[in-house]
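Following: one structure in C-alpha cells, then a few remarks.
Letters A, B, ... are given to chains in the order of the sequence lines, protein chains preceding strands, and every chain is numbered from 1. Values in this document were obtained by computation on a predicted structure and should not be read as measured data.
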Amino acid sequence: MKVIKKEELSNLIKSNQTLMIGGFMSIGIPETIVNYLSEMPIQDLTIITNDTGVLKNPVDEQIGVGKLLLHKKVQKVIASHIGMNAETGRQMIAKEIEVELIPQGTLAERIHAGGAGLGGILTPTGLGTIVQEGKEVITVDGQEYLLEKPLQADVALIKAHKADTYGNLVYHQAARNFNPVMALAAKTVIVEVDELIELGELNPEEVITPFIVVDKILVKED
Amino acid sequence: MKVIKKEELSNLIKSNQTLMIGGFMSIGIPETIVNYLSEMPIQDLTIITNDTGVLKNPVDEQIGVGKLLLHKKVQKVIASHIGMNAETGRQMIAKEIEVELIPQGTLAERIHAGGAGLGGILTPTGLGTIVQEGKEVITVDGQEYLLEKPLQADVALIKAHKADTYGNLVYHQAARNFNPVMALAAKTVIVEVDELIELGELNPEEVITPFIVVDKILVKED
Amino acid sequence: MSNQQLSTKEKIAKRVAKEFKDGDVVNLGIGMPTLVSNYIDPNISVFVQSENGVVGVSKASATEKSPNLVNAGGAPVGMIKGGVFIDSLTSFALIRGGHIDATVLGGLQVDQAGNLANWMVPGKMVPGMGGAMDLVAGTKKVIIAMEHVNKKGEAKILKECTLPLTAQGVVSMIITELAVFECANGQLTLTEISEDSHLEEIKAKTEATFVVSEKLHKHKGE
Amino acid sequence: MSNQQLSTKEKIAKRVAKEFKDGDVVNLGIGMPTLVSNYIDPNISVFVQSENGVVGVSKASATEKSPNLVNAGGAPVGMIKGGVFIDSLTSFALIRGGHIDATVLGGLQVDQAGNLANWMVPGKMVPGMGGAMDLVAGTKKVIIAMEHVNKKGEAKILKECTLPLTAQGVVSMIITELAVFECANGQLTLTEISEDSHLEEIKAKTEATFVVSEKLHKHKGE
C-alpha cells in the first residue's frame, strides 16, 4: 500500500540526502510534507527546486523550501531563483549554505535527463555567461552549446491534485510546474495530494504522472 | 483559420522536404493526409517516422509511410523499424532509397531535442554497436554516452483524436505515440483529427498538445 | 489617451504592444513588460504564455480567483477559452524551441552586439536568472523594454556591457521612452525617435555606436 | 501442467515468470517473451508496460476491442483498471531511466561479458532495432529468454558474440529450456539446470566459460 501518514516520513528522508521539491513560488508545493520535514531532526539536505519561495511575515507562514531554510535543514540549494526570499540570500552570504543557480529551462531539462537515463543535454542557454563556468562547450553543426549534466535525487517531494490508490497523478492549473518531471528523477517519490480517489476514477488519457514512478502517497492536511 | 481541406495540402508540402509522420505500426497515422500525399506530384521526400508500417495485401490497403514508399515519393527513411514492410527493405537493397535506423528511444529524444531547441542529448543507447558509427562519444562523470543530434522537419504530419478550433489536441489510447513530440519539431504542423470540436470543450488540464504549435487542422475522411 | 498623460513605463509598454501581430504568442517578463497587455490592439488575438505553465493568460477575473492560477510573477491571472496548462519541461521546450514569437524583458544594459545584461549586479543580492536566460536564448524576437538611461542618468545602451551577461547576441529590438533600435548582425539601427525627443538627445544618452535608419520617422505615439 | 507437456518456448516462459516480484513493472518483447504473461503467479501484481505507450497492459477483451489499444507488436490487448496511456518520449524516459524493473527479450547470441546480439544478421534483411537497444540500456534487469542452441545446434551462449551487438555488458540473466545463468561483473554463473538436463549437456552446448554456482539446484519446474 502506497498511502502513508506523515509520521512515516522520518523513515523515508534522512540527513545529507538530496531532495527535489516541486513547486513554483508558493504554487504546487507539498506543504504538509515540507512542514513536517522542517520539524524533523535532520540536517544538511541538498534541495533541488525552482525557487526558494516568497518570504512571508510572520515567518510561521513561510511555506516550501523557505521553511526548511529557516529551520536550518539545508546545506545546499540548487534553484533558478532565490530573489523573493531574502533569508536564502542572507544564509548564502553568511556562507551557511551553498547556492547553485541554474536557468529554469536548463533545470527542467537536467531533471528530465536524470529521470530519462540521459548523460546530459546540450543547450544554448547560458552560453557566454557565468553559467558557462566550469562546463564543457560542445559544437554541433557549427553551433556552440553547453553540456549540462543530469540531476537526480534520493527523494522527490511533489504535489499533485488527485491520486488514485496506485499513484496515478493529475495536477491543478499552474500547480503542475516541476512536479511531473521530478517524479521520474528520484529513487523514492513521495507525493502529497489534495484528494485520494478510487482506482478507475481517473481517465487513463488525462493522467499526467503514471503510477509506476510514485512510491508513497500522503493526503494533504489542512 | 487553421482548418483546411485536403486539397490545400499541395500548397503546404513540396518535393525534397523532410517530413515527420506520427504513428506506431498502423496506429495513430494521419491516413487521409498520407493517402492524399501519395497521389500528389511530389518526390524525394525524407521521412522521419517510427516505422514503415505493416505491408498489407492488397497493396491498396497499405497505409502510412508504406503507401508513400509504394508510390515512390521517398528518397530517405529515418526510422527505428522497417521489418514489417518488405517493400522498404526491397527499395533499400535496390538503393532506390536510403534508410537510417535509430533506436526508438533515441528517435524520441532526438525529436524532443529538435523541438526544444537543444543541440543534442547524450544517451547510453547504442554504445558499442553500429549505432555508434560516426558519432561522438562523450564521457560524463566516468560514463560514456553517444552524442545524438536533434531532428527537425519542414512539416510534421500528425494524428490526434480531437482538436478544438485553436488546435489544442487530445489523443486516443496508444495512437498517441510519437505524435505529441513531433508536434514541436517542425516548421509547419498539420494535424489530422477524428473530430473537430468547439473552443472550450476540452478540459485545459487534459490537452496534450497546446494549440500554439499546431498550424493546420484537417478532419479525417472515412 | 495621449502620450503626454502616460508615465514613462506606460509609454514604453504602449510602443512595445505595436510589435505584436495577430496570432502571436508572447511571453511578458515580470514588472513593466506585464503592462504591455494593456495596450494590445483589441482587434488582434495575441496569446500570452507564462513560463510557470500557462498558455493563454488573461486578466484575473474579479469574481473567480484560483490560488493556483497565477503568472510567473505570482500574480493572480485568468485564462482565455482555449488556454491550457503545461508542465515546466514543456513550457521551456516551447520557449527554447522557438515556439514563442516574442518575449519582452527589462534590461540593465544592452550593447551594440546585441548582448544583454539584466539578471545580476555584482556586490548586490543575486536573485537568480529564473527563466530569462532561456527566454532570450530561444524566443524568435527578443524585445528589451527599458528606460533609456539609469537612475544616475548613465547610458544603458552601451558599446559593451559591463555587467554579467544574461546572453550573447540575442537582442532583436530595444524600446525605450525615447527611441526604438533594431539589432541585427552585430549592429544597432535607430529606427524611431519619440515625438518628445530628437536625434541629438538620443546620441547624447546612448553610448553605443548606431546607424540611423534611412526610413527614420518620429513615432506619433498613438 | 507438468513441464513435460509444455513446448520449449512455454518452458522458458514459465521459468522467466518466476523472476517477477509483486509490484514489478515489466516490458515483454515481441514473440516468446509475450508468453511469459501466461505464467505469472496469480497471487502477485505484475504491471506490463508496452513501449508504444501503454502502462498496465492486460489480455485483450473478447468483447471490447479497440483498434488503438495494441501492444508494441501490434497485437490487440486490454488495459488494467489504473492503467494509463503515455507518449513515446515518456515511454522511453521510463525505459531508459530505470523505471522498468525487468525486460524480457529474445537473443540470437549472448556472451560471457553480458553482451547481447539480437537485432540483425549481416546479409539478411535488417528489420531495425525498434526499442530493443533502449530497453537493454536502461532496464534494471535484462532477462534474455531463448533456446539454448540455434536451429543448427550451435551454441548461442558464447565467449564473444560474432553478430552485431544490440548492447554491451547489459545482460542480467539468461534463461533457456536447459539452464539459467546469471551475468554480473563480466562473469556468467550457472545457477540452475532443468530437470530434463544435466551439467555435461550444458557444458557441451555452451561455448562461454562459466562458473557453476555453489547453490546450484535443479529446477523443479512447476
Of the backbone (N, CA, C, O) and the side chain (C-beta and beyond), which part of A/His112 lies under 4.5 Å from a heavy atom of chain B, both, or neither?
side chain

Going through the checks in order, is the side-chain contact (heavy atoms from CB on, under 4.5 Å) test met by B/Ile121 and A/Ile121?
CA-CA 4 Å; B/Ile121 55 106; A/Ile121 55 107; 3.9 Å; yes

So what's closer than 4.5 Å to chain A heavy atoms on B/Leu147: side chain, backbone, both or neither?
side chain

Please check if atom NZ in A/Lys162 has more than 12 non-hydrogen atoms from other residues, nucleotides or ligands closer than 6.0 Å.
no

Pair count under 4.5 Å, heavy atoms only, with chain B: among A/Val170, A/Ile138, A/Ile208, A/Val207, highest is A/Ile138

Toward chain B, the part of A/Glu109 with a non-hydrogen atom under 4.5 Å
side chain

Residue from A/Gly117, A/Ala113, A/Gly120 scoring the most non-hydrogen pairs under 4.5 Å with chain B is A/Gly120

Between CG on residue A/Asn203 and CD on residue B/Glu206, distance to nearest 0.5 Å:
6.0 Å

Pick one of side chain, backbone, both or neither for A/Gln143, based on which atoms fall under 4.5 Å of a heavy atom in chain B.
neither

